[in-house]
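FYI, side chains are in, hydrogens and waters are out, and symmetry mates aren't considered; it's all heavy atoms of this structure.
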Amino acid sequence: MKPLSLRFMIISAALAALILLGGSLWLLSGHSPAARPAAVPKEAKSPAAVSQAKAVEPVLPESKPLPVSEALSQRVTEYHIDVRLNADAGTLEAAETVTWTHPGQKPVQELYFHLYPNAFASEKTTFMKESGGEMRGDTMPEGGFGSMAITDLRTTEGVSLMQRMQYVQPDDGNIHDRTLVKVHLPQPVNGGESVTLKIQFEVKLPKIFARMGTAGNFVMAGQWFPKLSVYEPKGTRGVKEEGWNLHQYHGTSEFYSDFGIYNVTISVPSDYIVGATGFPVKNAQMKQDRKIYQFYADDVHDFAWAASPDFVVAEEAFSAPNVPGVRIKLYLDPLHKDLQERYFQAAKAALTAFSKWYGSYPYSTLSIVVPPQEGNGAGGMEYPTLITAFGAAESSPGMSLERTVIHEIGHQYFYGMVANNEFEEAWLDESFTSYAEDRLMEQEYGVSSSAALQASLVTAPQPLNMETWKYAAAEGYTRNVYIRGKLVLKDIEQQVGTKTMDAIMLSYARKYRFKHPATADFQKVVEKVTKQSWQDYFDEYVYSGGAPDFSVDRITNGAAKAGIDGGEPRYEATVEVSNKGSSYANVPVKFTFSDGYTVQQFWNGEQKSTAFQLSYKAPLASVDIDPGHSILLEAKHLNNFMLAELAPKTLSRWTLSVTKLLETLLGTLVW
C-alpha cells in the first residue's frame, strides 16, 4: 500500500454487489490507467490457433481484484502466486500467473525466467563452483542441495509450452547451470502488448547458507519463484539496442528485475507465522490444519517471505517528515525478544534520515526478520519492504545489530527504488548504501569508521562498474564494491562539500526513482549539480581501478649557512615527492623540523613528481604526505612518511615526536 491516503477496497461476497461492481473489478484487475502506465497495453495475439494437443488445464491462480493505487513505476510485470509450504519435506508447491507488458518496440518471440533455486542443485552449478559452497562465513550443510522444477507451463488458452523451454548459460556456458530458462512463445509480442503465462512449479528448499532455504523450522523464501528477466528498451542504462539483460546466478551477484505488482497467497502449517513483502490483504484464515495468508505489493521488483512457528512478533506505527505512515513489523528469533526497542529505534532512525536525504519512503510497511543462529546465511539481506538482520547468535549483540538494520533499510532506496542492475553495477547499491550507513551510524550513534584502515584493505583496486563475477574472488568483490566505491563517494564529498554532495545524492535518487540507472547516469547528475566535467575523475577512479600512491622519495638536508648580517644560521632542504599511481590534486604535505616547528604546503599533483625547497633555522626532520589521511583512495601509506638523516643529538630529540606521530596514526585506525 502507498501512503495512508491510498486505501484498498474490500469486495462484497453478495452476488448483487459483484454484479454492480463488475466493471470496477475489471478495472482494478490491472486494466485501469490508475494501476498501469498511461498507455494501456494491447493484448498480444492469441496463440490458440497454433495446432497443438492440449492437456487438461490445471487450476492456476487468476487475476484478482487489486487495491487501487497510483502507479509510481512502469509496472512491466504482474504476478499472482499461490504457494504451499510443506514444512516437513522442506518443499514449496506453487502456481503462478504472470503477465508481462512489452516495454520496448521490437517484436519479442521469447521470454526468459530466472530459476534461482537451481543455483543450489549440485556442486557443478555456476553459483556453487564460484562460491565453493560458502558465503560470508556460512557454509552449505551436508546434503543441503535444493532446486526448482517447472511442472507445467502454458498460455491462458491452455497451450502447453513445456517443449518450448531451453536452459541457457550466457555467461559461462556451464551446461550444469539451470538458473536461466528461455521460453519460446507461439506468437510474438509487439511493443506495448501484454502476454500472460500460467506456471506450476515445485521448489526443494536448500539448507540455508546463502540467502534462501530452511534452517530447522525457519524458512526464508527469497528468489523462490520463476521471475522474468529484464527487457531493456533502448536508452535504459545507456543500452544502444533494446533487448533482454541475461545473466546466470553467480557466487557474488545479486539481482535485477522490473517493477510490477505482486498478489501472493501463502499456505503454511497452522502454527507458522509469515512475514512478507507488501501488506496483508486480510487477516490470516484457517482452513483445516493450514493457515492462509494473502499479501499484496505494487511498484516493487521482488517478493520475499519468511515463516517460522517460533517468531516473536512486534509491531509499531511510525510517521515522520517524508514518512507519511509505516507499520514497522518485527519477526524476531526468541533469543532477541527483549531487543525490540533496539530494532525499532534503528528502523525509525533509518527511515527518518534516508527519507530526508533520498526521498520519501512510499510503502506502508517495513518488515524486519531476525533468523535463528543456524539460519544466519539468510541474514543481512534486502528485499522490497522486507529485510533480514543477522542470525540471533547472542542475546546482547554489539552495534552490528543497528548497523545491519540501517544498511539493509538503506537498500530500500538504493536497489529498492533506485533499481540498478546488481549483476553488472553492484556498486550503485552496495557502495551507496554503505555510504549512507556510515553517515547515519555516526550521526545517530556516534560510531565512525576509519576510512584510512578501510582504504588500506583495497590492495587490488578494480573498476566499479564490472560484472560481479569478474572481480578477483569474493574478497576482491567485497573490497571494491563495498569499500572502494563508498570511499569514492566520500572523496567526491570532500571535494565538493557536504551540502553539494547532499544535493547530488538527492537529485540522483529523485531522478531515477522507480527506474534503472547506470553509473553514467550518476556521473551526469554529479556534473549537472556541480556544473563541471567529472570525466577524468570517473575514468580514473570509477571506470578503471585507479588509486593514488604518494611517496616521499628523498630528503636532502644541507649544511648550516650563516644568517644574514650575523643572524641565526639557516638550513636548506630539498624534498622530492612523487605519485606512483593515479593523478590527484591538492595533496597536503607536512614538513616537521628538528625543533618541533611544522609547516604544511599543498602539491597541485599536475606532474608525477615535484621537489620542495625549504629554508629554516633548524634542520628538516621529517616529511609526511597527507598526514591526516584525507585522501581516501590511497591504500599504500607506508611510503608517505620519511625521516631525514640527522645528527645523533638531533635524532634523540626527535624520537619523542616520532612516537607521538605513530600514536596519532594508530588512533585513526579504530573502526
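- Of the possible donor and acceptor atoms, none in the side chain of Ser360 sits under 3.5 Å from a partner among the backbone N and O of Pro362.
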For residues 310-317, which side-chain N or O atoms pair as donor and acceptor with protein atoms under 3.5 Å away, sequence neighbours left out?
| residue | atom | partner | partner atom | Å |
| --- | --- | --- | --- | --- |
| Asp310 | OD2 | Asn217 | ND2 | 3.2 |
| Glu315 | OE2 | Arg327 | NE | 2.2 |
| Glu315 | OE2 | Arg327 | NH2 | 3.2 |
| Glu316 | OE1 | Lys348 | NZ | 2.5 |

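- Among residues two or more places apart in sequence or in another chain, the side-chain hydrogen bond (donor to acceptor under 3.5 Å, both in side chains) test is passed with Glu424 by Arg237, Asn245, His247.
- Evaluated for a ring pair (Phe, Tyr, Trp, His ring centres under 6.0 Å) with Phe414, the options Phe354, Trp427, Phe432, Trp357 yield exactly one hit, Phe432.
- The aromatic rings of His411 and Tyr415 lie perpendicular to each other, with more than 60° between the two planes, well past the 30° mark.
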Check: Would Tyr508 and Tyr358 count as a ring pair (Phe, Tyr, Trp, His ring centres under 6.0 Å) if you check the C-alpha gap in whole Å, the side-chain angles of each, and the deciding distance to 0.1 Å?
Finding: CA-CA 8 Å; Tyr508 171 68; Tyr358 312 125; 9.5 Å; no

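- For Tyr262 and Phe295, the ring centers sit 6.0 Å or farther from each other.
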Check: Do Tyr79 and Phe303 pass the ring pair (Phe, Tyr, Trp, His ring centres under 6.0 Å) test, and can you show the C-alpha distance, the side-chain angles, and the key distance before you say yes or no?
Finding: CA-CA 10 Å; Tyr79 294 88; Phe303 186 99; 9.6 Å; no

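- Ring geometry for His301 against Phe259 counts as perpendicular: the plane angle is over 60°, on a 0 to 90° scale with 30° as the lower cut.
- In this structure, the side chain of Glu425 engages the main chain of Thr519 through a donor-acceptor pair within 3.5 Å.
- Lys207 has no carboxylate O lying under 4.0 Å from a charged side-chain N of Asp138, or vice versa, which leaves the two without a salt bridge.
- With rounding to the nearest 0.5 angstrom, the OG atom of Ser449 is 8.0 Å from the CD atom of Glu442.
- Residues Thr91 and Asn86 have side chains that bring a donor and an acceptor to within less than 3.5 angstrom of each other.
- Judged by distance alone, the side chain of Asp82 and the main-chain N or O of Ala94 form no donor-acceptor pair under 3.5 Å.
- The main-chain N or O of Arg290 is never found under 3.5 Å from a side-chain atom of Ser270 such that the two would form a donor-acceptor pair.
- A salt bridge links Lys227 to Asp302: at least one charged side-chain nitrogen sits closer than 4.0 Å to a carboxylate oxygen.
- Taking the six-membered ring for Trp and the full ring otherwise, Phe255 and Phe423 have centroids separated by 6.0 Å or more.
- Phe127 and Phe209 have perpendicular rings, their planes meeting at more than 60° on a 0 to 90° scale where under 30° would count as parallel.
- Here the side chain of Ser431 pairs a donor or acceptor atom with the backbone of Val481 at under 3.5 angstrom.
- With salt bridges taken as basic N to acidic carboxylate O contacts below 4.0 Å, none links Arg484 and Asp491.
- Side chain of Thr277 to main chain of Ala304: a donor-acceptor pair is present (N/O by atom type, distance under 3.5 Å, no hydrogens or angles).
- Ring pair Trp224/Trp305 is perpendicular by interplanar angle, where above 60° counts as perpendicular and below 30° as parallel.
- Under a 4.0 Å N-O distance rule, the pair Glu437/Lys486 does not qualify as a salt bridge.
- No donor-acceptor contact under 3.5 angstrom links the side chains of Tyr383 and Ser367, judged on distance only.
- With salt bridges taken as basic N to acidic carboxylate O contacts below 4.0 Å, none links Asp521 and Lys515.
- Glu527 pairs by the salt bridge (charged side-chain N to carboxylate O under 4.0 Å, His left out) definition with nothing, not counting sequence neighbours.
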